[in-house]
Amino acid sequence: MQEALNMSWAYAGAGIGLGLVVVGAGLGIGKLAAGVAEGVARQPSAAGQISGATNLPLFLLEGVAILAEVFCLLIVLLK
């Protein structure tokens with residue numbers, strides 16, 4: 001009985017953590033995309049440079065979100 005209760009807490013914690021990761025990553029990516037759109041609107045001639053400089057932070061943000069999702073799933077699988 002105690003083991004089942006512990007597993008339910010692990011599932012709940014992983015679910016909450018995964019939800020927070022998805023929401024945080026979505027907000028971060030949205031804020032980054034809004035900044036790029038605003039920058040391109042202000043300087044259309046620099047659109048290529050702005051877009052190129054945005055790719056690395058975007059990929060890093062997505063990578064952190066994917067790693068956090070993997071860690072949440074590992075908590076459930078290894079518990």
Quick one: side chains of residues 26-50, donor-acceptor pairs under 3.5 Å with protein atoms, not counting sequence neighbours, listed by atom name and distance.
unit_1 : atom_1 : unit_2 : atom_2 : d
Glu38  : OE2    : Arg42  : NE     : 3.3
Glu38  : OE2    : Arg42  : NH2    : 3.0

What residues join Val22 in its hydrophobic cluster, counting side-chain heavy atom gaps under 4.5 Å, either direct or through other members? none
Check residues 65-78 and write down every donor-acceptor pair under 3.5 Å in which the side-chain atom is one partner and the other belongs to a residue at least two apart or another chain.
none

